[in-house]
Number of protein chains: 2
Amino acid sequence: MSMSKKTLVADHLREALARGDFEPGQRLPGEEELAEELGVSRATARLGMRLLQDEGRISIVAGRGAFAADPRPIIHLATPLSGEDSERFESGYRAHLRKAGHLDVDERVKVSLDTMRAKVARRLGEKPGSGLVVIRSSNRYVDGALWQSQITYLPFGIAGGTVLMSPEHLNEGVGAALRELGFHEEWNRDIVGARMPSTSEAETFRMGPGIPLLLQERVVYQGERPLRFTVTLMPADRHQLLYAGGEVPESSWLPDPDVNVFER
Amino acid sequence: MSMSKKTLVADHLREALARGDFEPGQRLPGEEELAEELGVSRATARLGMRLLQDEGRISIVAGRGAFAADPRPIIHLATPLSGEDSERFESGYRAHLRKAGHLDVDERVKVSLDTMRAKVARRLGEKPGSGLVVIRSSNRYVDGALWQSQITYLPFGIAGGTVLMSPEHLNEGVGAALRELGFHEEWNRDIVGARMPSTSEAETFRMGPGIPLLLQERVVYQGERPLRFTVTLMPADRHQLLYAGGEVPESSWLPDPDVNVFER
DNA sequence: CACCTCAGCTTGTACCAACAAGCTGAGCGG
DNA sequence: CCGCTCAGCTTGTTGGTACAAGCTGAGGTG
């Protein structure tokens with residue numbers, strides 16, 4: 001069984017990467033060079049490199065060349081915390097970003113009002129089409145590129161006419177605002193999945209090919225009543241989610257920055 | 001700003017799919033047909049279709065054609081449960097698969113003994129290279145294809161010479177076995193991420209291009225002592241993870257089968 | 001020194017041609 | 001009726017050519 005030539009090209013590069021011939025971020029041989037070295041046409045070399053790109057191992061930039069991938073995911077604490085814990089982590093999150101060399105962190109919040117789409121109505125336990133939802137979209141930008149996109153849907157019966165409808169007066173976050181309004185976020189259900197981004201999503205997140213999108217959906221309840229529904233989109237090479245469960249010792253909450261599911 | 005032709009091909013198909021012109025699983029026009037219809041070469045039509053494939057929206061099969069994607073993820077309850085709850089869910093998981101029409105469910109367990117790799121040692125809080133680990137790899141097959149792959153690492157000091165080293169006598173699962181040995185799985189830390197599969201991973205899971213791999217790493221502790229480290233690999237079009245947190249009402253544990261983060 | 005332009009390198013797009021390989025179903029033979 | 005073979009359709013691979021477009025740095029201009 002002989003492999004196809006493009007597979008040989010891909011294997012050649014994969015092995016070189018596994019051997020450590022190239023530091024993360026370092027430039028690899030170009031299409032022309034690789035084609036000559038392995039005795040294939042430029043088209044074939046290109047297809048082989050594309051395989052590596054689709055595996056997320058290299059990043060190809062038009063006009064510059066191919067570079068060894070350098071994923072540095074940031075671990076998010078996804079387990080819901082009580083008030084002061086959540087603040088402690090929030091500051092930790094920004095600090096974590098700063099420590100990784102990302103100084104330019106910006107958050108933009110937009111609030112709008114709309115009728116419920118079918119999916120949102122189902123999550124919030126309402127009849128589709130009928131009610132209104134307050135939609136809070138919060139986009140975090142790091143170094144000018146979209147880092148994380150979050151959309152929170154709140155039933156109008158809960159958020160209508162309250163502080164939750166003004167983007168400015170919400171420094172404490174949605175959870176704290178709900179608490180002040182007399183609601184209690186008692187429990188939540190998260191669903192985590194992944195899919196490839198559409199071309200437009202890949203653009204706004206500035207994701208190269210071969211990078212999946214991590215999706216988190218959270219519905220927060222008080223008893224049987226849904227308080228909010230939050231959808232979070234994150235490029236998977238920059239985000240990983242931490243869930244702690246059971247009787248977690250006080251000292252073990254914070255994530256270990258070295259933990260990373262990409263490591264082999 | 002005029003788009004490239006392959007982008008036009010991709011847009012043409014994307015819109016047709018969004019319009020609902022094609023049922024999930026239905027065959028789309030082929031490369032040749034599409035090329036003629038849009039006045040481009042077969043090579044260009046091919047590139048355009050590949051974009052859609054990379055987005056996970058269509059699935060291309062050699063010799064047959066392209067088909068509208070039909071993701072039907074199964075929701076896994078990822079929140080650790082106490083004894084009887086976990087059994088209730090385990091049966092629910094199989095039932096869920098059966099309900100989705102997957103009758104051929106098989107699980108193969110292999111056990112081996114090895115020295116610790118650096119990563120495993122770090123998670124289990126041991127010195128790298130020194131200790132031994134018991135490695136339990138459990139692969140679940142559905143309809144003949146690998147559905148989920150799980151590797152559990154147990155320190156030799158815990159699992160060595162016990163029932164955990166024999167694949168057969170472990171119907172109750174690793175958690176129950178640890179309990180019988182006098183250990184208590186008090187709390188855990190999960191990290192969830194996603195990346196694209198390597199070509200070999202894509203083969204064993206029978207994943208088409210454009211489908212990411214969902215990764216879950218779990219370390220289970222008793223106090224400060226790590227009891228086990230489990231890595232789970234799952235194709236993201238067939239798996240989504242459910243995490244419940246806070247004071248969850250008794251009646252709300254089971255996942256709603258209609259919940260699906262892919263729905264727009 | 002600051003700014004701009006542009007040559008030259010690299011990847012991106014597009015087309016053509018030819019053959020290989022995978023899949024299905026019609027049709028033949030037992 | 002069952003099973004096998006094979007024609008015919010569809011995608012996969014490879015080579016070739018040509019030009020477009022993105023990026024960088026050298027070098028000129030003010």
Side-chain angles (χ1 to χ4, degrees), chain A residues 1-13 22 25-69 144-145 199 202-203 206-211, chain B residues 1-13 22 25-69 144-145 199 202-203 206-211:
Chain A
M1 56 163 280
S2 77
M3 307 291 261
S4 62
K5 287 196 182 182
K6 76 166 184 180
T7 307
L8 291 178
V9 174
D11 288 348
H12 176 80
L13 289 177
F22 302 99
Q26 189 184 337
R27 186 173 180 281
L28 275 62
E31 294 177 355
E32 200 78 57
E33 190 177 342
L34 204 57
E36 193 180 359
E37 183 184 339
L38 299 179
V40 297
S41 74
R42 188 189 147 206
T44 304
R46 180 180 179 72
L47 287 174
M49 296 179 73
R50 212 188 139 133
L51 283 180
L52 270 284
Q53 184 183 233
D54 287 347
E55 292 175 16
R57 293 179 138 89
I58 65 175
S59 149
I60 303 180
V61 186
R64 290 189 59 205
F67 301 85
T199 43
E203 266 173 39
R206 288 202 209 151
M207 308 163 63
I211 309 295
Chain B
M1 57 164 281
S2 76
M3 306 292 258
S4 61
K5 288 195 182 180
K6 74 164 186 180
T7 307
L8 291 178
V9 174
D11 288 348
H12 176 80
L13 289 177
F22 302 99
Q26 189 184 336
R27 185 173 181 282
L28 274 65
E31 294 176 356
E32 201 78 57
E33 192 177 341
L34 204 56
E36 193 181 358
E37 183 185 341
L38 299 179
V40 297
S41 73
R42 187 189 148 206
T44 303
R46 178 181 180 72
L47 287 174
M49 296 179 74
R50 210 187 139 132
L51 282 181
L52 269 285
Q53 184 183 232
D54 287 347
E55 292 174 16
R57 293 178 138 91
I58 66 175
S59 148
I60 304 180
V61 186
R64 290 187 59 202
F67 301 84
T199 44
E203 266 173 38
R206 288 203 207 152
M207 306 163 65
I211 309 294

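All figures in this text were calculated on a predicted structure; none of them were measured in a lab. The chains referred to below are lettered A, B, ... by the order of the sequence lines, with proteins before strands, and numbering in each begins at 1.
Ranking dT11(C), dT24(D), dT13(D) by closeness to the R64(A) side chain, first place goes to dT24(D). Nearest to the side-chain atoms of A43(A) among the listed nucleotides dG12(D), dG15(D), dT10(C) stands dG15(D). Checked against dT11(D), dT13(C), dT11(C), the side chain of S4(B) finds its nearest nucleotide in dT13(C). You'll find that the side chain of V40(A) is closest to dG15(D), out of dT11(D), dG15(D), dT11(C).
Listed pair T44(B) / dT13(C) fails the phosphate criterion, with no side-chain N or O lying under 4.0 Å from OP1 or OP2. Applying the 4.0 Å criterion to OP1 and OP2 of dT13(D), one finds that K6(A) has a side-chain N or O inside that range.
In this structure, E36(B) places its CD atom where only 12 or fewer heavy-atom neighbours from other residues, nucleotides or ligands lie under 6.0 Å away. The environment of CD in E32(A) is sparse: at most 12 heavy-atom neighbours from other residues, nucleotides or ligands sit within 6.0 Å.
Within the 4.5 Å cutoff, no side-chain heavy atoms of H12(B) are placed close to those of L8(B). Between T199(B) and T7(A) the shortest side-chain heavy-atom distance does not fall below 4.5 Å. Within the 4.5 Å cutoff, the side chain of L34(B) has heavy atoms near those of the L13(B) side chain.
Going from atom CG of L8(A) over to atom P of dT14(D) covers 8 Å, rounded to whole Å. The nearest whole Å value for the distance from the CD atom in E31(A) to the P atom in dC9(C) is 16 Å. Atom pair L28(A):CG and dC9(C):C1' shows a separation of 17 Å (rounding to whole Å applied). Going from atom CG of L52(A) over to atom C1' of dT11(C) covers 16 Å, rounded to whole Å. Rounded to whole Å, atom P of dT11(D) lies 14 Å from atom CG of L47(B). Rounded to whole Å, the distance from CZ on R42(A) to C1' on dT17(D) is 11 Å. Atom pair R46(B):CZ and dT13(D):P shows a separation of 7 Å (rounding to whole Å applied). In this entry the distance linking CD of E33(A) with C1' of dG8(C) reads 16 Å, nearest Å.
The 5' end of DNA chain D is approached more closely, in terms of each residue's nearest nucleotide, by M49(B) than by the other of G39(A) and M49(B). Mapped onto DNA chain D by nearest heavy atom, R27(B) and T7(A) fall at different nucleotides, with R27(B) at the one closer to the 5' end.
Between the side chain of R50(A) and the base of dG12(C), no donor-acceptor pair of N or O atoms lies under 3.5 Å.
The residue I60(B) sits close only to the backbone: its heavy atoms come under 4.0 Å of sugar-phosphate atoms, none of a base.
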